[in-house]
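Accompanying notes for the structure given below.
One-based numbering along the sequence shown. Since this is a predicted model, take the numbers as computed values, not measurements. FYI, side chains are in, hydrogens and waters are out, and symmetry mates aren't considered; it's all heavy atoms of this structure. In each ligand, atom 1 is the first atom listed, and ligand 1 is the first ligand listed.
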Amino acid sequence: MSFSDIERRFADMLHRASEASSSGDLVQPPIVPASVYWQPGTPSGPHQYGRWSNPTWDALEEALGALEDAQTLAFPSGMAAIAAALTPHLRPGDRALLPSDGYGATRVLATEHLAAMGVEIVTAPTRDFASAAVRAGPYGADAERPFRLIFAETPSNPGLDVCDLAGLAAIAQAQGALLVVDNTTMTPLGQRPLDSGADIVVSADTKAIAGHSDVLAGHLSSRRPELIAAARGWRTAAGAILGPFEAFLVHRGLETLELRFERMCANAALIAERLAEHPKLLAVRYPGLPTDPSYRLAKVQMRRFGFLIGATFASEDAAERFIAGCRHLRPTTSFGGVHSSAERRARWGDAVPPGFVRLSIGCEPTEILWGSIQEALDAL
Ligand SMILES: *Cc1c(COP(=O)(O)O)cnc(C)c1O
């Protein structure tokens, strides 16, 4: 796979308005707080009602769409984008495959809400995802019960296991399933699920894309117009829309994504390598470590190895003391911010050891950040 055009795409995204602009035009998107638009007689024009469209969303959707190389819709959270990717396509009796080790709220949406409407939800660990999908394929043991939709998250959050996207796309196609990929952990700069054959990509832009821990947002992209139409129809009907001020914030964050993402991934690669050698840790997961179970696939399908690290301490107490003792780690949930953060995922019930800490590596100067991590480790 070639990632060569993503840097050009990013630069073009930053300058996309240049050709259409003339003297005195705005260079950045305006925040347009409008519920209604001038609309006499027969409805016409680009904007008619605030739940249907908004000029500030348009700017954000254009920018994200330029990066994804696909039509894009903005949502008020990652979960709103995921709901729009799943709900319009699943009917009673349909089967859907989801990761058992992915983002918890996606599983809640599926097992508590979609299942209650008659959708059969099957879960499998990300590491075995392709074989679970193959079972429902043309020659599999469950061939008479194909999936209608396969939802993958890779690297999985928080375990950082990886599944083969191009392989999954072929398996999904063979059984007539839609392949939806949650690309939150990598962003379009780190991994290109649509290029690997996914039908829909979704992202929690709350994380690295907005990047400043001050706004929730999400997006959904697809190169198939009918899938965009379905998601747009869902958004308009369900009313889960982004506010114009939030759209502006996400757009502003997006413009520095490349700079932040490169620093975050470079910081994480170096810190993961050093953590892996530190005697206070029982285990370290990072897809970029050659010894990591995710490494082989990550090298093929990811352009960078990401900014998340899984670090397992000997106990809950050691993990909490580490987090509290490191002056450059914010003790927060979520990830992808400018500021490095850390949390023990077992506190939310994730199926990980009590001493497992998910580190989200931020943009701090590398050696300063490592220095404070090392100091906190040595003090344990
Ligand atoms: C955070 C997250 C979401 C949900 O995003 P929200 O903006 O909190 O709704 C979905 N998927 C993954 C992988 C996430 O990390």
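Across the listed options Thr184, Thr154, Thr206, Thr106, Thr206 owns the non-hydrogen atom lying nearest to atom 7 (O) of ligand 1. Around atom 5 (O) of ligand 1, the closest heavy atom drawn from Ser334, Ala204, Ser77 belongs to Ala204. For atom 1 (C) of ligand 1, the nearest non-hydrogen atom from the set Glu153, Lys207, Met186, Met79 comes from Lys207. Nearest residue to atom 6 (P) of ligand 1 from Pro158, Ala105, Ala83, Gly78 is Gly78 (criterion: closest heavy atom).
Of the possible donor and acceptor atoms, none in the side chain of Thr87 sits under 3.5 Å from a partner among the backbone N and O of Ala84. Put simply, the side chain of Asp161 never gets that close to the backbone of Thr154: no donor and acceptor are under 3.5 Å apart.
A heavy-atom distance below 4.5 Å is not found between the side chains of Asp199 and His89.
Remark: Glu343 engages Arg345 in a salt bridge, criterion side-chain N to carboxylate O under 4.0 Å. Using a 4.0 Å cut-off between a side-chain N of Lys or Arg and a carboxylate O of Asp or Glu, Arg235 and Glu61 qualify as a salt bridge.
Ring centers of Tyr49 and Tyr37: at least 6.0 Å apart, outside the cut-off.
In this structure, atom 4 (C) of ligand 1 lies nearest to the protein heavy atom Tyr103 CE2, 3.4 Å.
Taking every non-hydrogen atom of Phe335 and a distance limit under 4.0 Å, the qualifying atoms of ligand 1 come out as 15 (O). The distance from ligand 1 to the heavy atoms of Asn157 drops below 4.0 Å at these ligand atoms: 15 (O).
In this structure, Arg252 places its CZ atom where only 12 or fewer heavy-atom neighbours from other residues, nucleotides or ligands lie under 6.0 Å away.
Assignment of Asp182 to the shell around ligand 1 is supported, since a heavy atom sits closer than 4.0 Å. Ligand 1 lies less than 4.0 angstrom from a heavy atom belonging to Ile82.
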